[in-house]
Amino acid sequence: MASEAAWAGVLLLGFGVSSTLLIVSDHHVGAGRDDTRGRKADGPVHVVVAGGRVVSCHVRPRALALPPEELAGHVPAAVNEALDDDQAGRSPVIDPLALAGQFREIRDDVAARADDITAAIQASASRLRQEAEVPFEVPALDLGPAFDRLAETLEAIGRATAAERATAEATGEGAAAGGLVHAVCRPVGRVASVTIRPRAMRDSARLGEALTTAVNRALDDLEAGVRKRRQAAGADPEQISARLADLRDLGVEDLRAFGRAMNDFMGGIKAGPRPNR
């Protein structure tokens with residue numbers, strides 16, 4: 001029986017570590033910004049992005065000779081390429097729906113292994129009953145509900161995120177230089193359009209600063225709207241962390257209950273022949 005119990009302990013430990021890693025990963029994804037940089041250097045605009053926000057937007061002086069609408073047309077592509085470059089250097093984002101599917105797939109395997117553990121303990125107990133008094137009921141290890149709860153939570157998060165991404169009308173807007181520069185962003189964190197008024201085309205340095213401010217304000221506005229919709233759907237990072245923490249606590253309590261039941265079972269084993277009943 002010792003080997004089966006040890007195997008069960010390893011399985012339980014692995015489950016606990018997996019749950020902890022999920023919570024850590026969620027905090028990381030919720031934070032969403034690593035110290036990486038993305039750049040778009042060619043063309044009339046040079047953009048540097050770090051942590052999902054524009055650090056600098058350098059407008060080449062000769063670009064001031066372009067019509068405002070033509071120069072404005074170069075900005076979204078430059079910013080978005082820099083954002084992509086920045087994202088490529090950051091930790092990958094976990095897909096909740098895909099992860100939920102994986103948990104569904106391994107649930108049955110884990111349940112089968114848990115049944116094997118229980119069966120092995122029962123077989124050992126049966127052999128031991130020939131020499132000792134052993135409690136009739138062997139505690140069962142059932143991790144299925146814990147996996148189901150976690151998968152259901154991840155699916156709810158994934159559905160909320162997918163719905164948010166599918167909301168075409170969701171936008172973020174930002175302006176700078178007294179409204180002379182205006183930016184519009186759409187999910188997921190991409191610049192859709194930029195408007196530059198002719199009066200903003202007088203100084204390349206100030207224009208670059210205004211573009212940086214307007215785009216970042218639009219990204220912030222978009223993020224605030226996304227956060228509000230996620231809160232309404234129960235899928236805000238803080239809410240997600242709280243729900244996963246609750247699931248972790250439930251899982252830990254399930255394991256403790258199993259441990260207590262096993263202790264009671266082991267404590268009920270008494271040396272000597274089993275009395276006739």
Side-chain angles (χ1 to χ4, degrees), residues 1-29 91-159 161-162 234-235 240-277:
M1 291 180 62
S3 61
E4 288 85 1
W7 201 95
V10 171
L11 179 61
L12 297 179
L13 177 61
F15 177 75
V17 171
S18 297
S19 299
T20 303
L21 287 175
L22 279 172
I23 295 171
V24 172
S25 297
D26 182 70
H27 276 294
H28 180 72
V29 172
S91 300
V93 177
I94 295 174
D95 182 350
L97 289 176
L99 189 58
Q102 292 175 4
F103 270 96
R104 295 286 191 194
E105 290 177 1
I106 67 174
R107 178 198 181 281
D108 291 341
D109 181 62
V110 170
R113 290 174 180 269
D115 289 342
D116 289 343
I117 293 172
T118 301
I121 296 175
Q122 288 175 335
S124 297
S126 295
R127 291 191 298 269
L128 188 60
R129 286 191 182 99
Q130 300 174 6
E131 303 175 359
E133 181 178 354
V134 179
F136 180 77
E137 185 174 351
V138 175
L141 176 63
D142 185 7
L143 296 178
F147 275 87
D148 286 340
R149 290 192 297 261
L150 181 55
E152 289 167 3
T153 298
L154 290 169
E155 287 167 348
I157 295 167
R159 286 193 296 269
T161 302
I240 292 171
S241 295
R243 291 167 69 180
L244 289 175
D246 288 341
L247 291 179
R248 178 198 59 191
D249 293 342
L250 287 172
V252 169
E253 182 53 39
D254 288 344
L255 300 182
R256 286 175 175 168
F258 176 73
R260 290 192 294 268
M262 283 299 301
N263 284 335
D264 291 342
F265 175 78
M266 298 297 292
I269 299 176
K270 298 180 180 179
R274 183 184 180 193
N276 295 326
R277 295 182 179 179

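When a residue number appears, it is its place in the shown sequence, counting from 1.
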Under the salt bridge (charged side-chain N to carboxylate O under 4.0 Å, His left out) test, which residues partner Asp108, sequence neighbours left out?
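For Asp108, no residue satisfies salt bridge (charged side-chain N to carboxylate O under 4.0 Å, His left out) once neighbours in sequence are set aside.
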
Side chain to side chain donor-acceptor pair (under 3.5 Å) against Asp264, all qualifying residues, sequence neighbours excluded
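Residues passing side chain to side chain donor-acceptor pair (under 3.5 Å) with Asp264: none at all.
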
Considering residues at least two apart in sequence or located in another chain, which fulfil the side-chain contact (heavy atoms from CB on, under 4.5 Å) criterion with Asn263?
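Asn263 satisfies side-chain contact (heavy atoms from CB on, under 4.5 Å) with no other residue.
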
Residues forming a side-chain contact (heavy atoms from CB on, under 4.5 Å) with Gln122, sequence neighbours excluded
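Scan of Gln122 (side-chain contact (heavy atoms from CB on, under 4.5 Å), adjacent residues dropped) gives Thr118, Val138.
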
Ignoring hydrogens, what is the shortest heavy-atom contact between Ala151 and Ala100? Give both atom names and the distance.
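Residues Ala151 and Ala100, closest heavy atoms: O-CB, 3.6 Å.
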
Which atom pair, heavy atoms only, marks the closest approach of Pro139 to Ala261?
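Minimum heavy-atom contact is CG-O, 3.5 Å.
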
Step through the shown structure and confirm whether more than 12 heavy atoms of other residues, nucleotides or ligands are within 6.0 Å of CD on Glu152.
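Enclosed: over 12 neighbouring heavy atoms sit under 6.0 Å from CD of Glu152.
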
So, does Arg129 use its side chain to make a donor-acceptor pair with the main chain of Ser124 at under 3.5 Å?
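Not at all, since once roles are kept as given, no pair shorter than 3.5 Å links the two residues.
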
Go through Val134 and Lys270 one step at a time and tell me if the side-chain contact (heavy atoms from CB on, under 4.5 Å) criterion holds.
CA-CA 7 Å; Val134 179; Lys270 298 180 180 179; over 6 Å; no

Exactly one of Asp109, Asp116, Asp115 should register a side-chain hydrogen bond (donor to acceptor under 3.5 Å, both in side chains) with Arg113. Which one does?
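For Arg113, the side-chain hydrogen bond (donor to acceptor under 3.5 Å, both in side chains) test succeeds with only one of Asp109, Asp116, Asp115, which is Asp109.
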
